[in-house]
Amino acid sequence: MVLYRLPILILTTSIVYIFISPSEPFVFSLFFKVIPMILIIIYATEQMPPDKNATHWFILIGLCFCIIGDATLHWFIIGLTAFLLGHVSYTLGFIKQRNYSLKKGIAIIPITAFAIWMGIQLLTSLQESGQQHLIIPVIAYITIISTMAFTAILTGNRWAIIGSILFLISDSILSWNMFISSFSIAGDLVMLTYYSAQFLIAHSLFTIVPGTGNTKPIIW
C-alpha cells in the first residue's frame with residue numbers, strides 16, 4: 001500500500017482540482033492546480049535511481065518547466081514559453097533513449113499529418129480573429145510538442161509513449177477550445193489528459209537503465 005500512496009494522492013488531488021475546487025479566487029484555484037504537479041515531481045524523483053543519467057535530469061527539468069507553465073498560463077505567452085521549454089527538455093531526454101526501427105519511424109507520418117491539420121485550423125482561426133501575433137508562438141509549440149511525441153515513440157518506452165500522446169491530445173483540446181470552438185467539458189478533458197500525461201512521463205523514469213541508453217520494458 002505504501003508503494004501506491006503517492007500515486008493515489010496524485011489522483012485524489014487531481015480530482016479535487018478538476019471537479020471540486022472553485023475557479024475563484026484565482027490564487028486559490030492556482031494553488032489546487034499545481035499541487036498534483038508538485039506531487040508528480042516528487043514521484044519522479046522517487047523513480048530516479050542513485051546513478052542518474054542525462055534522461056533522468058532532462059525529464060525532471062521538463063516537469064519543472066511545466067509546473068511554471070501551469071502557474072503562468074494565465075499570461076498566455078509566458079506559460080506557453082515555459083511549456084515549450086518543458087517539451088524541449090522531454091525531447092532531449094527521449095532522444096538520449098532512442099532505439100530506432102522502421103516501425104517506430106513510420107509514426108512520424110500520422111503525427112506530422114495531425115500537426116499540419118491542427119496548424120492549419122489554428123492559423124485560420126487566429127487570422128480571422130485578428131490574433132496574428134500568436135501565429136508564430138502557436139506554430140512553434142505545435143512543432144515542438146509533435147517532435148516530443150515522435151521522439152517518445154522512438155524510445156519504445158510504453159509509459160513515455162502513452163504520456164506524450166496524452167500530452168499532445170491535452171494541448172490540442174486546449175488550443176481548439178481557446179482559438180477555434182469552445183465546448184463545456186474542454187477544461188475537464190484538458191486537465192484529465194494533462195495530469196495523466198505528466199504522471200506517465202514521470203513514471204517512465206523507473207524503466208531507464210542507469211548509465212545506458214536503454215529502457216527495460218518496451219512496446220516494440
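Any value given below was found using the heavy atoms of this structure, including those in side chains, with hydrogens, waters and symmetry copies removed.
Shown here are the side-chain hydrogen bond (donor to acceptor under 3.5 Å, both in side chains) partners of Thr12, two or more places apart in sequence or in another chain: there are none. Under the side-chain contact (heavy atoms from CB on, under 4.5 Å) criterion, Ile18 pairs with Asp188, Met191, Leu192, Tyr195, not counting sequence neighbours. Residues satisfying the ring-ring contact (aromatic ring centres under 6.0 Å, His included) criterion with Phe94, sequence neighbours excluded, are absent altogether. For Phe58, the ring-ring contact (aromatic ring centres under 6.0 Å, His included) test picks out no residue, with sequence neighbours left out. Under the side-chain hydrogen bond (donor to acceptor under 3.5 Å, both in side chains) criterion, Glu46 pairs with no residue at all, not counting sequence neighbours. In terms of the side-chain hydrogen bond (donor to acceptor under 3.5 Å, both in side chains) criterion, Ser146 has no residue partners (sequence neighbours excluded). Legend: residues meeting ring-ring contact (aromatic ring centres under 6.0 Å, His included) with Phe167, ordered by chain and number and at least two apart, are His87, Tyr194. By the ring-ring contact (aromatic ring centres under 6.0 Å, His included) test, Phe19 pairs with no residue at all, sequence neighbours left out. By the side-chain hydrogen bond (donor to acceptor under 3.5 Å, both in side chains) test, Thr72 is found to be paired with no residue, residues two or more places apart in sequence or in another chain being considered.
To the nearest 0.5 angstrom, Arg5 atom CZ is 13.5 Å from Ile10 atom CD1. With rounding to the nearest 0.5 Å, the separation of CG in Leu63 from CD1 in Ile40 is 7.5 Å. Here the OG-CG distance, from Ser172 to Asn177, works out to 12.5 Å after rounding to the nearest 0.5 Å. Within the model, atoms CG of Leu39 and OG1 of Thr13 stand 5.0 Å from one another, a figure rounded to the nearest 0.5 Å. Here CG of Leu60 is found 12.5 Å from OG1 of Thr55. Values are rounded to the nearest 0.5 Å. Rounding to the nearest 0.5 Å gives a distance of 9.0 Å between OG1 of Thr147 and CD1 of Ile111.
Contact between Ala107 and Ile153 at its shortest, heavy atoms only, is CB-CD1, 3.7 Å. Between Ile67 and Cys64 the shortest heavy-atom distance is CG2-O, 3.0 Å. Across all their heavy atoms, Ala82 and Ile68 have their closest contact at CB-CG2, 3.9 Å. Across all their heavy atoms, Lys96 and Ala54 have their closest contact at CE-CB, 4.2 Å. Listed here is the closest heavy atom pair of Ala202 and Tyr43: CB-CD2, 4.3 Å. Closest approach of Leu168 and Ala149 over heavy atoms only: CD2-CB, 4.5 Å.
Under the 4.5 Å side-chain heavy-atom criterion for Ile, Leu, Val, Met, Phe, Trp and Tyr, Ile95 and Leu205 are members of distinct hydrophobic clusters. A continuous path of ILVMFWY side-chain contacts below 4.5 Å connects Leu30 to Leu80, so both sit in one hydrophobic cluster. Trp176 and Ile165 end up in the same hydrophobic cluster when Ile, Leu, Val, Met, Phe, Trp and Tyr side chains are linked at under 4.5 Å. In the hydrophobic clustering of ILVMFWY residues, with side-chain heavy atoms under 4.5 Å counting as a link, Ile162 and Val190 come out together.
No donor-acceptor pair under 3.5 Å is formed between the side chain of Lys33 and the backbone N or O of Tyr17. In terms of modelled atom types and a separation under 3.5 Å, the side chain of Ser29 and the main chain of Phe26 share no donor-acceptor contact. A donor-acceptor contact shorter than 3.5 Å is absent between the side chain of Ser170 and the backbone of Leu166. With hydrogens and angles disregarded, no donor-acceptor distance shorter than 3.5 Å links the side chain of Asp70 to the backbone of Leu73. Proximity of a side-chain donor or acceptor of Thr112 to a complementary backbone N or O of Ile109 within less than 3.5 Å is not detected.
Residues in residues 119-128 take part in no side chain to side chain donor-acceptor pair (under 3.5 Å) pair, two or more places apart or across chains.
Note: Phe83 and Tyr141 fail the aromatic proximity criterion, with ring centroids not under 6.0 Å apart. You'll find the ring centres of Phe76 and Phe179 inside the 6.0 Å limit.
Other residues sharing a hydrophobic cluster with Ile136 under the 4.5 Å side-chain heavy-atom criterion for ILVMFWY residues do not exist; the residue is a singleton. Under the 4.5 angstrom side-chain criterion for Ile, Leu, Val, Met, Phe, Trp and Tyr, the cluster partners of Ile116 are Ile120.
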| request: Would you sort out whether Val88 and Tyr90 count as a side-chain contact (heavy atoms from CB on, under 4.5 Å), showing the intermediate values? | output: CA-CA 5 Å; Val88 169; Tyr90 289 153; over 6 Å; no
| field | Worked verdict on Leu134 versus Ile77 for side-chain contact (heavy atoms from CB on, under 4.5 Å) | value | CA-CA 8 Å; Leu134 293 177; Ile77 293 298; 3.5 Å; yes
| request: For the pair Thr151 and Arg98, evaluate side-chain contact (heavy atoms from CB on, under 4.5 Å) and give the outcome as yes or no after the intermediate values. | output: CA-CA 7 Å; Thr151 54; Arg98 68 189 183 278; over 6 Å; no
| task | Check the pair Leu154, Asn99 against side-chain contact (heavy atoms from CB on, under 4.5 Å), reporting the backbone distance first and the verdict last. | result | CA-CA 6 Å; Leu154 291 183; Asn99 182 16; over 6 Å; no
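Under 3.5 Å, the side chains of Asn157 and Ser204 contain no donor-acceptor pair of N or O atoms.
Between Phe114 and Trp117, the ring-plane angle classifies as tilted under the 30° and 60° cut-offs.
Ser196 places none of its side-chain heavy atoms less than 4.5 Å from the side chain of Phe199.
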